[in-house]
2 protein chains.
Amino acid sequence: MVQYISPPLDLSFAALSDPTRRGIIDQLGRGDASITRLADMFQMTLTGMKKHIQVLERAGLVVTQKVGRVRTCKLGKRGLKAEAEWIEAHRKLFEARFDALDEIISEMKQEGSDESGS
Amino acid sequence: MVQYISPPLDLSFAALSDPTRRGIIDQLGRGDASITRLADMFQMTLTGMKKHIQVLERAGLVVTQKVGRVRTCKLGKRGLKAEAEWIEAHRKLFEARFDALDEIISEMKQEGSDESGS
DNA sequence: TAAATACTGAACCATATGGTTCAGTATATT
DNA sequence: AATATACTGAACCATATGGTTCAGTATTTA
């Protein structure tokens, strides 16, 4: 049986699957921000934004630090190296598939068969 | 020219957030496979595997074709270009943040403050 | 024609997600 | 001291996810 374990990628890809969270990363790339400021920018309750930040923190994409009553968020040191590596390694597989001869053959066979399923 | 509408990053990052689905992509990189074969490899029911394939299909990462009673799965033409581009563009933001001077300053300030929250 | 194979669909389950409100606590500010 | 600000936590809600079983349908194969 083929098993693939890589919890960090689970968490970071899941974190990146939400447009608000990608927006937060975008924003933090332009400068650190408090949770309140981010909540205002994304028109969301403080509590809602806090949850997004927690997801990003668990994924290691964002780190926070509370000073006084303000929690400041910034991009995490971890970066997106592991994600970039996975994607790049697998892009090659995608490309390799389409250089293969059987690709052309299977394209030819497609006529008359159920291409898209139910 | 054929145009491929790249489904939003939401779908592909969500698809990639599951280790089984990353494994399926890995496997399809080594050759096309039926749903039954994948279900066997990943020790899962046919129905369970079918759902994973549907998620990958909606994200455009896998295409399937049914011939006779067998549905064959292969890597989609779309590839991982959009995802790679997003990641690469944002890696730069992460790196830029850590070149900044305020990074060093904030690291120094961290002593004695609530680093990790609740 | 009968039986095996490969998939499909519906229903169910436990847990997670993305959001909210409401009620706190801790920290400034006046 | 009183008020305002910034966050925290619990509870709730609707929907999605990752899996299952069970009951089909369609297509080989014997």
Side-chain angles (χ1 to χ4, degrees), chain A residues 1 3-5 7 9-25 32-59 61-74 109 112-118, chain B residues 7-25 32-59 61-74 112-118:
Chain A
M1 177 202 168
Q3 260 231 78
Y4 293 88
I5 307 153
L9 289 180
D10 290 26
L11 293 177
S12 51
F13 281 136
L16 294 177
S17 73
D18 182 87
T20 299
R21 285 192 295 260
R22 289 197 303 277
I24 291 166
I25 288 176
D32 301 349
S34 70
I35 297 183
T36 295
R37 184 142 169 273
L38 291 168
D40 287 348
M41 284 193 281
F42 290 88
Q43 306 235 117
M44 182 178 296
T45 58
L46 233 200
T47 311
M49 180 52 69
K50 188 179 193 286
K51 283 196 185 181
H52 278 306
I53 294 299
Q54 279 169 342
V55 171
L56 288 164
E57 264 195 291
R58 262 186 273 123
L61 298 174
V62 162
V63 293
T64 71
Q65 184 202 357
K66 193 169 186 176
V67 177
R69 65 188 171 186
V70 178
R71 180 172 297 277
T72 299
C73 309
K74 60 183 177 184
K109 280 187 186 165
S113 68
D114 168 21
E115 168 73 40
S116 63
S118 73
Chain B
L9 292 178
D10 290 31
L11 292 177
S12 49
F13 281 135
L16 295 177
S17 74
D18 182 85
T20 299
R21 284 190 298 259
R22 289 195 304 277
I24 292 166
I25 288 175
D32 301 351
S34 70
I35 298 184
T36 295
R37 185 144 169 272
L38 291 169
D40 286 347
M41 282 194 280
F42 291 89
Q43 304 236 117
M44 182 177 295
T45 58
L46 234 198
T47 312
M49 180 52 69
K50 189 178 193 284
K51 282 196 187 181
H52 279 305
I53 294 300
Q54 278 169 342
V55 171
L56 288 164
E57 263 195 293
R58 262 186 271 125
L61 298 175
V62 162
V63 296
T64 71
Q65 184 202 355
K66 192 168 186 176
V67 176
R69 65 188 170 184
V70 178
R71 181 172 296 278
T72 299
C73 309
K74 58 183 179 184
S113 67
D114 168 21
E115 168 73 40
S116 61
S118 73

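- Rounding to whole angstrom units, CG of residue B/L16 and C1' of D/dT17 are separated by 16 Å.
- Rounded to a whole Å, the CD atom of A/Q54 is 12 Å from the P atom of C/dT17.
- Remark: side-chain polar atoms of A/R21 are not paired, donor with acceptor, to backbone N or O of A/L16 under 3.5 angstrom.
- Distance CD (A/Q43) to P (C/dG18): 19 Å, rounded to an integer number of Å.
- Within 4.0 Å of A/I35, counting heavy atoms only, lie sugar-phosphate atoms of the nucleic acid but no base atom.
- Counting heavy-atom neighbours within 6.0 Å of B/R37 CZ, excluding the residue itself, gives a total of 12 or less.
- Of the residues A/L56, A/I53, A/D32, A/T72, the one that meets the side chain to side chain contact (heavy atoms under 4.5 Å, CB included) test with A/T64 is A/I53.
- Taking atom NZ of A/K50 as the reference point, atom P of C/dT21 lies 17 Å away to the nearest angstrom.
- Nucleic acid contact class of B/R37 (heavy atoms, under 4.0 Å, all strands): none.
- Residue A/K51 places none of its side-chain N or O atoms closer than 4.0 Å to OP1 or OP2 of C/dA16.
- Residue A/R21 places at least one side-chain N or O closer than 4.0 Å to OP1 or OP2 of C/dG18.
- Taking atom CZ of residue A/R71 and atom P of nucleotide C/dA26, one finds them 14 Å apart after rounding to whole Å.
- Listed nucleotides C/dG18, D/dT20, C/dT20 differ in distance to A/D18; the shortest reach to its side chain belongs to C/dG18.
- One can place CG of B/L38 at 14 Å from P of D/dG19, the figure rounded to the nearest angstrom.
- When the side-chain nitrogen and oxygen atoms of B/H52 are compared with OP1 and OP2 of D/dG19, one or more of them lie within a distance under 4.0 Å.
- One atom, CD1 of B/I24, and another, P of D/dG18, lie 11 Å apart when rounded to the nearest Å.
- Nucleic acid contact for A/T47: base, since at least one base atom lies under 4.0 Å from a heavy atom of the residue.
- Residues A/D10 and B/R22 are in side-chain contact: their nearest non-hydrogen atoms beyond the backbone lie under 4.5 Å apart.
- The 5' end of DNA chain C is approached more closely, in terms of each residue's nearest nucleotide, by A/L46 than by the other of A/R69 and A/L46.
- Among the atoms of the strands shown, only primed sugar atoms or phosphate atoms (P, OP1, OP2) are found under 4.0 Å from some heavy atom of A/G68.
- In this entry the distance linking CD1 of A/I53 with C1' of C/dG19 reads 15 Å, nearest Å.
- Residue A/H52 forms a side chain to side chain contact (heavy atoms under 4.5 Å, CB included) with just one option from A/I35, A/D18, A/V62, A/L38, and that option is A/D18.
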